Every structure is written in C-alpha cells, then in structure tokens.
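The next block holds one structure in the form of structure tokens; read it before the comments.
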Amino acid sequence: MASAVGRGAGAGPLLLGVRHHGPGSARAVRAALEEVRPRVVLIEGPPEADTLVPLAADEEMRPPVALLAHAVDEPGRSAFWPLAEFSPEWVAVRWALEHDVPARFIDLPATHTLAWGRQQDEAEVVGERPLDAEADADTAEAEAAGDTATDPAAGDTGPVPTPRSAPDPTPDSAPDPDDVRIDPLGVLARTAGYDDPERWWEDVVEHRGAGKGDALAPFTVLEEAMAALRETYGSGGHDRDLVREAYMRLQVRAAQREFEDGVAVVCGAWHVPALRQKTTVAADRALLKGLAKVKTDMTWVPWTHRRLSRASGYGAGIESPGWYGHLFSAPDRPVERWMTKVAGLLRAEDRIVSSAHVIEAVRLAETLAAMRGRPLPGLSETTDAVRAVMCEGSDVPLALVRDRLVVGDVLGEVPSTAPAVPLQRDLARLQRRLRLKPEALERELELDLRKETDAARSGLLHRLRLLGIAWGEPAASRGSTGTFRETWRLRWEPELSVRVAEAGVWGTTVLSAATAKAEADAVAARGLADVTALAERCLLAELPEALPTVMRILADRAALDADVGHLAQALPALVRSLRYGDVRGTDTGALGEVAAGLAERVFVGLPPACAALDADAAEEMRRHVDAVHGAVGLLGDAPAAAQGRLRTRWQSVLRVLCARDTVPGVIRGRAVRLLLDDGELTQEEAARLMGLVLSPGTPPADAAAWIEGFVGGGSGGGMLLVHDERLLGLVDAWLTGVPAEAFTDVLPLLRRTFSAYEPGVRRTLGELVRRGPAAGGGAAPAGSGIPGFAAELDQERADAVLPVVRLLLGLDEVAETAGEDLAGVTG
C-alpha cells in the first residue's frame, strides 16, 4: 500500500478524491479498494453515523437512502446526507462491510453542523446538507440553519451551477483569491474547452473505465488538478470547509496511529489537497475550538432519485440520477440497454416503438458521439437520438423519458431495525396494516368511506395532514359527488421523515399526536373561522377526544365574536362537518347545536351589516350570503325542531335584504334570486322587482349591480334568462335605454356578469335578443324562427323525444314482457 500511495503526492494515507454521486468515481473507488485492501476506510460524513454503518448490509436496505440528523429538542432543525447506489461513499461502506474492515465517518459532527445554523438564524427550521455540494459560506450557513430552497454553490467535484462570483479562468484574469467562490468542475471543464461541466465529466471519467493495474490513476490526476485549483484560489470562498478539513485531518491522524499505513480516505476531491497538507495538531484544534453543539439524533431514511436531482429544488449536484444509476449498474453495452429501457417506457404509454427504432436510435447516438468527438455516446447524444427516432421530433414524449428514466422515481427502503422515533414506528405499523406503501411516484387513491379499511385510510391521511405531514393531498372525486367517496393524491417525499420527527413532540402514536395537536391549534387559533375549519378536520380525522375541547373553544369564540362576516364565514364549514356524521358514524349533536346558534346570530346581524357598503365589501358580503344560504339548506334539513325553523327564518332575512334601499344592489339582486330559486317568490313578483330596479329613476350603476346579483356569479342566471323572456326583455330594454355617458361605466360590470355564462347559453341569449322581444313581453309567438321558443307546444318535436324517453325509462321492455306473458296465457 505504501508503494501505491507513493505514486500520489507523497507517503501517507490513501486519499481517494471523488465526485459525490458519480458512478465513475464509485467504480474507481471499488477498484482501488480491491487493489490496495486497506485496514480501515474513512469516509466523508457525520461521525454520529458510525453506529448505523452495519445497517447498510441489511437485506432490507435499498438505496437511495440518506442519513438524517436532527436536533433532539428541535426536530425541525435537521440535515441530510443522501447516498445512492452509485455514490462512492456507499460503495466504500459496502466494500468495508463485505471485507470486515472498519468504516468510519470523519466529517465535522452533525452536532456542530446543526448548531452552526442556529447561531446564524434562529428563524430557519429545516435544512438539507448534501454530501456532494460544499456550499459557500453564506449558503452553508443558510443550509445548516434550515433553508430547504437553497441552491448549492460550487464545491468538491459536483456539477453545480457556477456562482455569480465564479472566476473566469483566462490568462488575462487575475481575481483576488479571497473574493472567489469557485465551481471546480466548471473551472476544469472551461480550461479543457468545454462549455458544459457535466459533458466534460462524462468524457474524462464516466466513459473511461479503470484499467487493470491502473486503479489509482484517476485519483492521482484529480488530486493534481484540485491541488492546482487550491493553490490558485485557496479555499475557493468556502471558509467553512477550513473547519471541516481541520476535523478530518485530526481523524485521519488518529486512524494512522491505530492502523499505521492501512488507511484509505474517501472524500470529495476538493478536500484532498487540504488533507494532504502538513499542519500541526494544535493548529487544527485551534480552528475547532469553541464550536457550538446541539444534542442530535441520527438515523437512516428513504431517499429518492428525484431528490438527488437539481431539478427538484434540492440540488444534490447531479441532473440525471436515473442515467447515472443506469451507467453504474449496466454490466456492458450501456447505450443499447438504455435505448431498450426507453422503448419499454414509451410502449407502456401506447406509443409505437419497435426493435428497429431501438437499433436506429443506437446507431444515431453513436454517430452523434463520433461527430462531436466524444469517446462514447453520453446523455445528450442518447437524448437527441431518442427525440429524433422514437419521439418523432416531439418534446412531449421526451419529457416523460426525462421524468421517468433520466431523473426517475426510485424510492429507497430502510430496515425496520433502524432507529426511529415512536411516532415513526406507529406510522409504519399503520401503513402495513392498511396496505398503504409509501411511493415516490404520485398516484391517486380512491376511497369508499362505507368500507372499514378505506375509512381507516382516510382517517390516517387526515390525521397526518393535521400534523403537517402532507403525504396525501385531497383531490376532486371523479364520477361521484357523494360524501361517502374521497380521492387522494399520494406521494412520499424524504422531507416527510423530518415532519414525522417534528410531530413526535405531540405524541407517540398518530392518534394521540393528532389529538394533542388539534387541541393546541384550537387554543392558538386566531379567528372563529379557523376554529370551525379545525372542527371539520377533527371530524374528518376521527378525533373524538379532541372534539370536546375544540367545540368548547368554538362556542366561546362564537359568543364573543360580533363580526357578522366572521360568523358567516365560519358557518359553512361548521355545517359541512355535519354531513360526515352519516358516513363516518361520528356523533355531531353538539356540533349541530353550535351551528344552529351561530346561524341565528347571522340572521340577526346580517341586515344591518349589509347597509352602506362599497363595491368590494358588497361583493364579499354577497359571497357570504351565498355561503350562508347553502349552509342553511343543509342545516334546515336536520330533524331537530330548532334547526327545522332555520330555513323559514332565513327566508325572512332574504325578504328584508331585497326590500331595503340601503342594501347594495348586488346583495338585493342575489336575495331576490335565492327566494325565486326556493319557490318563495313567484316569477311575476321577481319580474316586478326587476322592473322597479331597472326603471329610469335608478342610477345605471346600481341597476347593473342588481343584475349581477340576480343573474351573475355562475348561479345559472343565464338559463333563467333563456327560459323567462320577460326577464330577458326587461334587461334588454333597460340596457338599450342606458344613457351613452353612463354606458361605459356599467359595461365592465355587465361584461363580467355575462362572460361567466357557458358559450351555448350566451349564443342562445344572442339569438333571442336578435329576434327581439316576444309579443306583449311574453313568450315568442308561434312561427318564430327559433325552434323551441314558440308560444304553443310543438307536438311534432315533442313526439320525437318520446321514443328516447321510453328507452331510458325501460317502458318498452316492460310492455314487451307484458305482451309475452299475455300471449302465453291466451295460448
């Protein structure tokens, strides 16, 4: 081993500088370890994970996975160290376990990493610290403090975007090393004449296998390149790396004292020159003196290929984890195997792709590589070939290939013996019992709440949402509007493991944690609407123990809140919650009493609250009136006598609203419309009220607002005008009589009203207006040019419908069966 190390930059530990998540580096690491056979393997990573290393050999462990560290007292402050199957660190861990060699992590402990950010910004809550992106000072502080949306700066050997302050490696430029933050891959790629660091890395590493007897050559070359960069740019602006490298040097020295020359170190290539640097122990310890600490827990969690990609927003340093995984796992002929994968995916999506397409795509990729001077086809060549041959030049199917294969939706697995908070174990138990397996690929889940298992699944998903664990998002159900059906979109993201750890402070089981969280949210709720929404969520999540606390606070808030808008906003959610008592079997008696009392207060306070409102406030109050009307329609059907009278009381309120001149026109018009729809107002009375409003004495703006309230808001007002030409004639006569100087003022309001109609409704109204008003203001006379709008019944058109109606009702089959029976009797 000493002779092998001597081929590098002098005697000492074997330093294997890598690009994190690089399949070429992973293969090279495996070849180097096989050749040198060290006695200990040191790996860049948090030392707290040393006790978790044996779990990597468990049969249930499936990369990609990540080491998760979080502060015990503040689980939201956390950091990830992701590892894929093609990560050199994972290969080193697996090699050490297979050869009974100790594997140790030597990076700065997570206890300092998490505390570092707390000192900088106590407000940040969740952070991700990738192995493959050594951020600049500002970015590193933000990541440790908990910024999940941070873009990584340059560092190590990851193909990350060049920062805005990156140097221009031209002879004429002489940047100040103290002001430079560099992307090592970007600098090397530009020096080699490449405009794409990813393509350069593929050409010099991924498309070059380690030859026999030449296993250390790639690391020697990379060390020389990084040494030149470090000599020119110093730490490259990564001041925090100086502390990390000091700690790593101390760990390497300790391993050398224990294992002498049998030490191999796997770390980012950017750090190799610093680890080779001769420094004193006292100098390194001085850099580490006074570092803050925080009590930390660590475990393995599943990770995904998508979270390894920069496109996901996490930015772990590689754009194509699926492609890299393929390069690492393909034993031979990687291009041919890749094209076969692409063909299988496109065939599954019902696209016509044959073996001839695969052959031609491989030939085209190889031709493109030769024309571009590349040793082998890379991702750009294979992508261009797939677009031209299999996708017929379209980027639409190509986007699917990028999403499913180039990036991928692989979700790792960790063994059940891995350390976890009690809440995580209870969640895993429920997932197994309910057969809800976490998956990285988004899928829809249809639930029938009348079935016991589906009801339990719904309760679990609602409880998790209440805890802030958004594994599932509710979606609109297709084909059914009943309350017994729910549709969810499920997708498991690695960050949810942090959310589970955070929620562990509320309880050891999902049920107890959700109950405690609901009670705490009810106490901390600011508005009445927040409490009613929380009551609805408690019913959906089936939390009977939390409901008494929530209902008590709801009753107290409702009694003290005098704002009619707040009361009207809270009532619909409260009444909506009552609907779930039928399917879920939840006792909602107390909820009904509170809702009825809330409705009575709305009835009393609504008329005064509707007086003297401006246009915006009137529109908001109209929405409240609509919401209360719908809620009373549901609540009025309840069997309780107190609730049964609510509909009558509400109709009286609507009559008051439509008769008061101080109420804005949009609210008066909507009140008339609601009474008309409920049958409490005849069409003649509605026409009379409309005629009064549209009389010349009413300002045009008020009349237009009344019309919007009556036939606007997507409430079917267009069909009302279609089938009642008297109302249409009134609107038409008023509109044609609006003075020219006022027409431009009311036009935007009218346009907003009528543009909400369906195209067919607008077309029919246009035909009716073009034909002109019917005789006497009534229906159109017989013989008018539009079918279906004559004064009398069109017998011929009615007869044409009868066969279809009889077919739908099955009357022909009944008659035929009766005839056969009669024939049998007479026979």
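This is a predicted model, so every value here is computed, not measured. Position 1 is the first residue of the sequence; numbering continues from there.
- We find the CZ-CG distance between R62 and L411 to be 12.5 Å, quoted to the nearest 0.5 Å.
- At distances below 3.5 Å, not a single donor-acceptor pair connects side-chain atoms of H21 with backbone N or O atoms of L83.
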Pair R30, R94 - check side-chain contact (heavy atoms from CB on, under 4.5 Å), show working. CA-CA 10 Å; R30 186 165 54 191; R94 292 287 299 177; over 6 Å; no
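- Rounded to the nearest 0.5 angstrom, T113 OG1 and W81 CH2 are separated by 5.0 Å.
- Using cut-offs of 30° and 60° for the angle between ring planes, the F86 and H305 rings count as tilted.
- Between the side chain of E381 and the backbone N or O of G378 there is at least one donor-acceptor pair closer than 3.5 Å.
- Side-chain contact between W270 and L229: present, with at least one pair of heavy atoms (C-beta onward) separated by less than 4.5 Å.
- For the pair V406 and W338, the minimum side-chain heavy-atom distance is below 4.5 Å.
- Counting heavy atoms from C-beta on, the side chains of W300 and L68 never come closer than 4.5 Å.
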Kindly determine whether D107 and R244 satisfy salt bridge (charged side-chain N to carboxylate O under 4.0 Å, His left out), including the steps that lead there. CA-CA 6 Å; D107 202 350; R244 298 174 56 220; 2.6 Å; yes
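- With hydrogens and angles ignored, the 3.5 Å screen pairs a side-chain donor or acceptor of T111 with a backbone N or O of V294.
- Counting non-hydrogen atoms of neighbouring residues, nucleotides and ligands closer than 6.0 angstrom, the CD atom of E260 reaches no more than 12 such neighbours.
- Heavy-atom neighbours of E231 CD from other residues, nucleotides or ligands within 6.0 Å: at or below the threshold of 12.
- No side-chain heavy atom of V93 sits less than 4.5 Å from a side-chain heavy atom of E89.
- Within the 4.5 Å cutoff, the side chain of V386 has heavy atoms near those of the M339 side chain.
- Between the CE atom in M61 and the CD atom in E413 there is a gap of 10.5 Å [rounded to 0.5 Å].
- We find the OG1-NE2 distance between T296 and H70 to be 8.5 Å, quoted to the nearest 0.5 Å.
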With side-chain contact (heavy atoms from CB on, under 4.5 Å) as the criterion, how do V272 and C267 come out once you've worked through the C-alpha distance, each side chain's angles and the decisive distance to 0.1 Å? CA-CA 7 Å; V272 171; C267 64; 3.9 Å; yes
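- Using modelled atom types, one finds a donor on one side chain and an acceptor on the other under 3.5 Å when comparing T279 with R253.
- Judged by distance alone, with hydrogens and angles left aside, the side-chain atoms of T280 form a donor-acceptor pair with the main-chain N or O of A283 at under 3.5 Å.
- Looking at D384 and R372, a side-chain N of the basic residue comes within less than 4.0 Å of a carboxylate O on the acidic one, giving a salt bridge.
- Within the 3.5 Å criterion, the main-chain N or O of G268 finds a donor-acceptor partner in the side chain of E44.
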For E34 and W95, run side-chain contact (heavy atoms from CB on, under 4.5 Å): C-alpha distance rounded to whole Å, both residues' side-chain angles, the deciding distance at 0.1 Å, then the answer. CA-CA 9 Å; E34 287 290 345; W95 184 92; 3.1 Å; yes
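- Looking at heavy atoms from C-beta onward, L398 lies in side-chain contact with T383 at the 4.5 angstrom threshold.
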Assess the residue pair L33 and L16 against the criterion (side-chain contact (heavy atoms from CB on, under 4.5 Å)); give the C-alpha distance rounded to whole Å, side-chain angles, the decisive distance to 0.1 Å, and a yes or no. CA-CA 9 Å; L33 295 177; L16 304 178; 4.1 Å; yes
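- Contact detail for P64 and V410: the closest heavy-atom pair is CD-CG1, 3.7 Å.
- Summarising the geometry, atom CG belonging to L52 is positioned 6.5 Å from atom CG belonging to L67; distances are rounded to the nearest 0.5 Å.
- Ion pairing between a basic and an acidic side chain is recognised when a charged N comes within 4.0 Å of a carboxylate O; R39 and E258 show no such pairing.
- In this structure the side chain of R230 never reaches within 4.5 angstrom of the side chain of Q277, judged on heavy atoms.
- Closest approach of L291 to L288, counting heavy atoms only: CG-O, 3.3 Å.
- Closest heavy-atom contact between L97 and V53: CD1-O, 3.5 Å.
- Taking CE from M298 and OG1 from T51, the interatomic distance works out to 9.0 Å, rounded to the nearest 0.5 Å.
- Under a cut-off of 6.0 angstrom, the local environment of CZ in R333 is sparse, with at most 12 non-hydrogen atoms contributed by other residues, nucleotides or ligands.
- Put simply, the side chain of L42 reaches to within 4.5 Å of the side chain of V263, judged on heavy atoms.
- For CD of Q251, the number of neighbouring non-hydrogen atoms (other residues, nucleotides, ligands) closer than 6.0 Å is greater than 12.
- A pairwise comparison of heavy atoms in W303 and A66 identifies CE3-CB, 3.4 Å as the closest pair.
- Minimum heavy-atom separation, I43 to A92: CD1-CB, 4.0 Å.
- The two residues A365 and A385 come nearest to each other via the heavy atoms N-CB, 3.9 Å.
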